[in-house]
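Everything quoted here is computed from the prediction, not taken from an experiment.
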Amino acid sequence: IAVLKITITSQHSVRNEPSKSALFTFDDLKGSAPAFRSAKETAACAAASPSNVLITGESGTGKEMFAQAIHNASSRRKAPFIPINCGAIPKELIGSELFGYEGGAFTGARKEGAPGKFEQANGGTVFLDEIAEMPLDMQSFLLRFLEDGVISRIGSKKFLKLDVRIIAATNKDLWECVNQNMFRLDLYFRLNVLHLELPSLRDRVDDMSLLVDHFLTSISGRLGKDVRAANPEVIELFSRYPWPGNLRELRNILERCVNVSTTSTLTLASMPPDVVRALRGGKDPSHPTIPDTEHASSATWQSASEISYE
């Protein structure tokens, strides 16, 4: 009778440096809109808890910023924060990327093996972005880890006991993914302990002036410029645009404006004309095809909201 010897060890150190530190804190989360304040309050509760967190919201609403702020306000702040984009890792590599592998486990594997992201994050936080894109077979391994905190490298008979906090995020309706058999129901409930729903920029119009000033100060400092504020006409124009790309789109547009501005206050006259026309017409300002003046007035807000920013 063959006997399989399984060893469980506790992993207290890692060989690789974390891929990225958490830079954002709650002080960096600017806004006073009711929905935003509610999300920030829930995030503060999450920072004081070891429970799993699920962050949902449209693309560009700041999901990773919230995840980093939670980590930095938690007892794990001095440990690694490891972000993983579940949609960017090839399906055949995601197992070794997350859980590591032993030497010779597969063709092309390093002789000495390699730790996975979960090992690298031991004592800290793993941020699983685009969790809805994780393959179903990997969802089973993640569920197992959430149940007992144990992983096994590919090709290894040893099990490692880890202390890792999970924060997951998605811009999809995860419950609908469950209904379509694209996401495990049991994993959904394990992740959705503390839930943050981040509001879109369209639902934070009252925060527009604050956000614009904040981004202008940050961008100007980085670019060596002195554009510190925007006049009321600019704020009004920004407030009427639907921002399908949310904060990411706003920051990108402001960086473009700061680069070409020759005044300390951002005005419609100092902004690139094609950006102004696009914002007035409700179109994506970064799109190469800009509507001409004759047809700009016929553009609708609906057409802008149908643009994909995934």
>> For F24, give me all partners under side chain to side chain contact (heavy atoms under 4.5 Å, CB included), at least two apart in sequence or on another chain.
In response: D28, M65, Q68

> According to the ring-ring contact (aromatic ring centres under 6.0 Å, His included) rule, which pairs have a member within residues 124-157, sequence neighbours left out?
Replying inline: F118-F145

> Among all residues two or more places apart in sequence or in another chain, which pass the side chain to side chain contact (heavy atoms under 4.5 Å, CB included) test with P272?
Replying inline: R256, C257, V260, D274, V275

>> Going by ring-ring contact (aromatic ring centres under 6.0 Å, His included), name the pairs with one or both residues in residues 58-80, residues two or more places apart or in two chains.
In response: F36-F66, H71-F81

>> Can you list everything that forms a side chain to side chain contact (heavy atoms under 4.5 Å, CB included) with D137? Sequence neighbours excluded, please.
In response: K91, P135

>> Going by the rule salt bridge (Lys or Arg N to Asp or Glu O under 4.0 Å), which residues pair with E236 if we only count those two or more places apart in sequence or in a different chain?
In response: none

Donor-acceptor list for residues 187-198 side chains, cut-off 3.5 Å, not counting sequence neighbours:
{"residue": "Y188", "atom": "OH", "partner": "N192", "partner atom": "ND2", "Å": "3.3"}
{"residue": "R190", "atom": "NH2", "partner": "L146", "partner atom": "O", "Å": "2.5"}
{"residue": "H195", "atom": "NE2", "partner": "T56", "partner atom": "OG1", "Å": "2.7"}
{"residue": "E197", "atom": "OE1", "partner": "T56", "partner atom": "OG1", "Å": "2.3"}

> Can you list the residues that meet the salt bridge (Lys or Arg N to Asp or Glu O under 4.0 Å) rule with D173, with sequence neighbours excluded?
Replying inline: none

>> Applying salt bridge (Lys or Arg N to Asp or Glu O under 4.0 Å), can you list everything that pairs with D148, at least two apart in sequence or on another chain?
In response: R144

> Taking atom types as modelled, is there a side-chain donor on S74 or R165 under 3.5 Å from an acceptor on the other?
Replying inline: no

>> I'd like to check the side chain to side chain contact (heavy atoms under 4.5 Å, CB included) partners of D203; sequence neighbours left out, ordered by chain and number.
In response: P199, S200

> For D129, what residues pass the salt bridge (Lys or Arg N to Asp or Glu O under 4.0 Å) criterion, not counting sequence neighbours?
Replying inline: none

>> With salt bridge (Lys or Arg N to Asp or Glu O under 4.0 Å) as the rule and sequence neighbours excluded, what pairs involving residues 32-41 come up?
In response: none

